[in-house]
Novice: 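Below you'll find the structure I mean.
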Amino acid sequence: ADLEKRRQVFGHNVIPPKKPKTFLELVWEALQDVTLIILEIAAIISLVLSFYRPAGEENELCGQVATAPEDENEAQAGWIEGAAILFSVIIVVLVTAFNDWSKEKQFRGLQSRIEQEQKFSVIRNGQLIQLPVAEIVVGDIAQVKYGDLLPADGVLIQGNDLKIDESSLTGESDHVKKSLEKDPMLLSGTHVMEGSGRMVVTAVGVNSQTGIILTLLGVNEDDEGEKKKKGKKQGVPENRNKAKTQDGVALEIQPLNSQEGTDNEEKEKKAVKVPKKEKSVLQGKLTRLAVQIGKAGLIMSALTVFILILYFVIDNFVINRRPWLPECTPIYIQYFVKFFIIGVTVLVVAVPEGLPLAVTISLAYSVKKMMKDNNLVRHLDACETMGNATAICSDKTGTLTMNRMTVVQAYIGGIHYRQIPSPDVFLPKVLDLIVNGISINSAYTSKILVSIAFGRIPGSQWRMCIRDRPSWDNENEILTELTCIAVVGIEDPVRPEVPDAIAKCKQAGITVRMVTGDNINTARAIATKCGILTPGDDFLCLEGKEFNRLIRNEKGEVEQEKLDKIWPKLRVLARSSPTDKHTLVKGIIDSTVGEHRQVVAVTGDGTNDGPALKKADVGFAMGIAGTDVAKEASDIILTDDNFTSIVKAVMWGRNVYDSISKFLQFQLTVNVVAVIVAFTGACITQDSPLKAVQMLWVNLIMDTFASLALATEPPTESLLKRRPYGRNKPLISRTMMKNILGHAFYQLIVIFILVFAGEKFFDIDSGRKAPLHSPPTQHYTIVFNTFVLMQLFNEINSRKIHGEKNVFSGIYRNVIFCAVVLGTFICQIFIVEFGGKPFSCTRLSLSQWLWCLFIGIGELLWGQIISAIPTRSLKFLKEAGHGTTKEEITKDAEGLDEIDHAEMELRRGQILWFRGLNRIQTQIDVINTFQTGASFKGVLRRQNMGQHLDVKLVPSSSYVAVEPVKSPTTSVPAVSSPPMGSE
């Protein structure tokens, strides 16, 4: 009752999370897509014009319009296409919004799980208990110790050399000493770095220091949101680096250097050397690829519209010499709108908006499944980065070993037992002495775990000795004339599954290094048992002292060149401090040895491991033995503290990468075919064989459903049988390019044969050059149906990207894939049979259906032929989707703590544009200044543009002479101008 009362008065120890976006907000965000907006506008224009019946419609001078008596109903149904496009847009928007909503829901679940796992020691009713942080109330006495993250504010009531890191609140990195007399206030969100103590909780939840700050942040965000609604243009992407122009519109550009003087260049050179932690490499490669594809799509769609309009104009007004009649204008506009819709549809199909969706689904699915493999992922991109890992620096105790000291040999009663003997071999008297000796000499906290032999004893090494109740005042006297009963050899055994896991790492091209505080002999022995060291290898085992001596110069500074000579061969670093661990990790990451930059994963459990975990590409904290500080600094938490879980993380990371590649292979094939068919069809037959709504359906299959099917493939052991891809490996390999072009070739041949000769083959009416508002034909329905079925079977081909022959292997393990393929096929049957006018489809006979199906299955056979062609023989194939090079990274990432490749790719064009504008403006200012003869301060007039100018201004000392000419009216300075150069 008392606890409940305190909760009501002082509040719960929970900080309410930021309000999630509602489904409607997510729908609104999905609607901001530019291509969808263009489609909506085109569809509305089409819709409005279809209801407009001009007087001149029957006038045959207006060109081809379906006006036969039986077609009048069809002509009335002209609105259907516009409505169907709008409906398709709504479906696409709803699906996107639903995906975003489920993604956010998953992450909130993940966050709450992380929060639930955090427990804290509290004394209640004289008992020390572990409580979830949310249950702490004001007035509780909490026990604080090294490594804790304080969950509430409090006053120290008992302290033992307590030092707190308050940098999260104050920004000061120095540790603050806390004592009862001097500074007894402990604040939430700070870390205990040394010592221990007890505190009375004084403020929880929103009233604690962290709560107040977070509440303020929340309020500010809401305020900003309101301001944005009132005054800002919508659709400007939020960004961490915003430079505001005088108009108040946020520009998504990176702050560029604007410091004066010539020392700027030197600073730039220095800045390049400082390595940045790079965010998701995959996102960078994808954004780069998407931008390239988008540009190509835009050109193709513009060309399509241009050719269609040109063809129409030449055909009507030049060849047929028709006059432009005012009453025909609405009909001509309807034609133009139709052409425009075809063009926009080409763009919609060309732009791979399914890519971010595929990445999201793949990562979210992996994160969820990794939970079962004891990996609690805190940062999403860590999952994908882990797939590229080339080195793992692991702790020994608890990760590679069981952290359970076990007796392995014994010397008892003058006999050396190399194996643990059974208790029966000892005399009862000796056994009695041993048991008593163990009991008396063990600390009260020790746990003796019974094993098959006579016992496992955790704790440090001990000797068993017995005396009659001694008085410990005179210790030296007691410690003489002792009788040695037994000496035991104890060892922390290697986890049984670790050697196998390390062998898998070696096979996967990942180097495992052991970094431990233990002595070098123990470390070497354990490393050999694990398989990190194998007899006859030319590898290094160093102690921390020796390691530092080899890598530092006379001044004690770490030299990268010296470190580069050591780390490639180093396998064991013993007697090492957390600083040594950080130095090693930093050295490996910064190293330029080898063709690719190393991607390093690190495990850590102690508070001091924080810097190394932060520095690493992926930091693994121990869920059981780890301190809160280590967990806070990590990317993934190992809930079972086991090394094998790291290997599973590698497998999942590689699987994410492969899933995205599978999706890309599938999507780019559809893109290439759909764009070429629409473009060529438009140029030759003045109409696209695939209508706008059909294209949107294809877009939905290949974007949303395919990303769901291909991004949820479970990983297999074969993923660990190849080397890491590395940072610069292109997304689309030459084998994938062979598959994309090979399947596109098959599909294009089939589609063009059906478009230009299909009516003869099936003995049906031709659908080419159909007039406006004409009913759908069987001819074009067959083309559409065959196209979709080919994509469906090619989706099965896309399950393999390394040229494997058996595309069906493991297909039953992926239920989602089977469901998607089956579901899409059933939907296709419904669309063709019952879709009618909105989908521009008409019913097909059974034989026509079987032919479509047969051509679709041909995709699988064609896939076998393609996989039989060796990629090596196709020299002309190029790779695509390269990562960003080191030079580009350092050039564009100045002033950023973290490099986000995706943002950088989008920003690069904008930066150049702004830089160019600013330089032009500055040059105009300089010219104006010299022309008007104003004082040279005018040159600096644009300096208030602040951060985002990249202008090196000439310092005033370089002006040779400034002499005012005496005149009664004005004083014009005569400036002997220095050579200005390009600036």
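Everything numeric here is computed off the predicted structure, so don't read it as measured data.
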Novice: Which pair of heavy atoms, one from Gln694 and one from Cys841, lies closest together, and at what distance?
Specialist: NE2-SG, 4.0 Å
Novice: Distance from Tyr746 atom OH to Trp862 atom CH2, nearest 0.5 Å?
Specialist: 8.5 Å
Novice: To the nearest 0.5 angstrom, please state how far the CD1 atom of Ile831 sits from the CH2 atom of Trp697.
Specialist: 4.5 Å
Novice: When you measure from the side chain of Ser301 to the backbone N and O of Leu298, does any donor-acceptor pair fall under 3.5 Å?
Specialist: yes
Novice: Could you pull out the closest heavy-atom pair between Ala711 and Tyr365, with the gap in Å?
Specialist: O-CD2, 4.0 Å
Novice: Mark yes or no for whether Gln864, through its side chain, and Lys805, through its backbone, hold a donor-acceptor pair below 3.5 Å.
Specialist: yes
Novice: Hey, could you give me the CD1/CG distance between Ile816 and Leu708, rounded to the nearest 0.5 Å?
Specialist: 5.5 Å
Novice: Give the intermediate values and the outcome of side-chain contact (heavy atoms from CB on, under 4.5 Å) for residues Asn785 and Trp849.
Specialist: CA-CA 8 Å; Asn785 197 25; Trp849 260 105; 3.3 Å; yes
Novice: Ring centroids only, cut at 6.0 angstrom: are Tyr311 and Phe339 within range, meaning strictly under it?
Specialist: no
Novice: Between Asn814 and Ala709, which heavy-atom pair has the shortest distance, and what is it?
Specialist: ND2-O, 3.3 Å
Novice: I'd like to know if the side chain of Arg813 reaches the main chain of Pro715, judged simply by a donor and an acceptor atom lying under 3.5 Å from each other, with no hydrogens or angles considered.
Specialist: yes
Novice: Looking only at heavy atoms, what is the nearest atom pair of Phe340 and Val305, with distance?
Specialist: CA-CG2, 4.2 Å
Novice: Nearest 0.5 Å, please: how far is CD1 in Ile857 from CE in Met790?
Specialist: 13.0 Å
Novice: Does Ile869 offer a backbone N or O that forms a donor-acceptor pair with the side chain of Lys738 under 3.5 Å?
Specialist: yes
Novice: Checking Trp101 side chain against Val27 main chain: does a donor-acceptor pair fall under 3.5 Å?
Specialist: no
Novice: Has Asn794 got a side-chain atom pairing as donor or acceptor with Glu859's backbone, closer than 3.5 angstrom?
Specialist: no
Novice: How far apart are the closest heavy atoms of Asn655 and Glu713, and which atoms are they?
Specialist: ND2-O, 2.7 Å
Novice: Which pair of heavy atoms, one from Leu844 and one from Cys852, lies closest together, and at what distance?
Specialist: CD1-SG, 4.5 Å
Novice: To the nearest 0.5 Å, tell me how far Gln665 CD sits from Lys662 NZ.
Specialist: 10.0 Å
Novice: How long is the straight-line distance from CG of Leu860 back to CD1 of Ile865, given to the nearest 0.5 Å?
Specialist: 11.5 Å
Novice: Is it true that a side-chain atom of Asn739 and a backbone atom of Ile866 form a donor plus acceptor pair closer than 3.5 Å?
Specialist: no
Novice: Start with the C-alpha distance between Val672 and Gln747, add both sets of side-chain angles, then the distance that settles side-chain contact (heavy atoms from CB on, under 4.5 Å), and finish with yes or no.
Specialist: CA-CA 10 Å; Val672 168; Gln747 291 179 17; over 6 Å; no
Novice: Are the side chain of Ser766 and the backbone of Glu759 linked by a donor-acceptor contact shorter than 3.5 Å?
Specialist: no
Novice: Can a donor-acceptor pair be found, under 3.5 Å and without considering hydrogens, that links the side chain of Arg799 to the backbone of Asn806?
Specialist: no
Novice: Distance-only, no hydrogens or angles: does the His779 side chain make a donor-acceptor pair with backbone N or O of Leu754 under 3.5 Å?
Specialist: yes
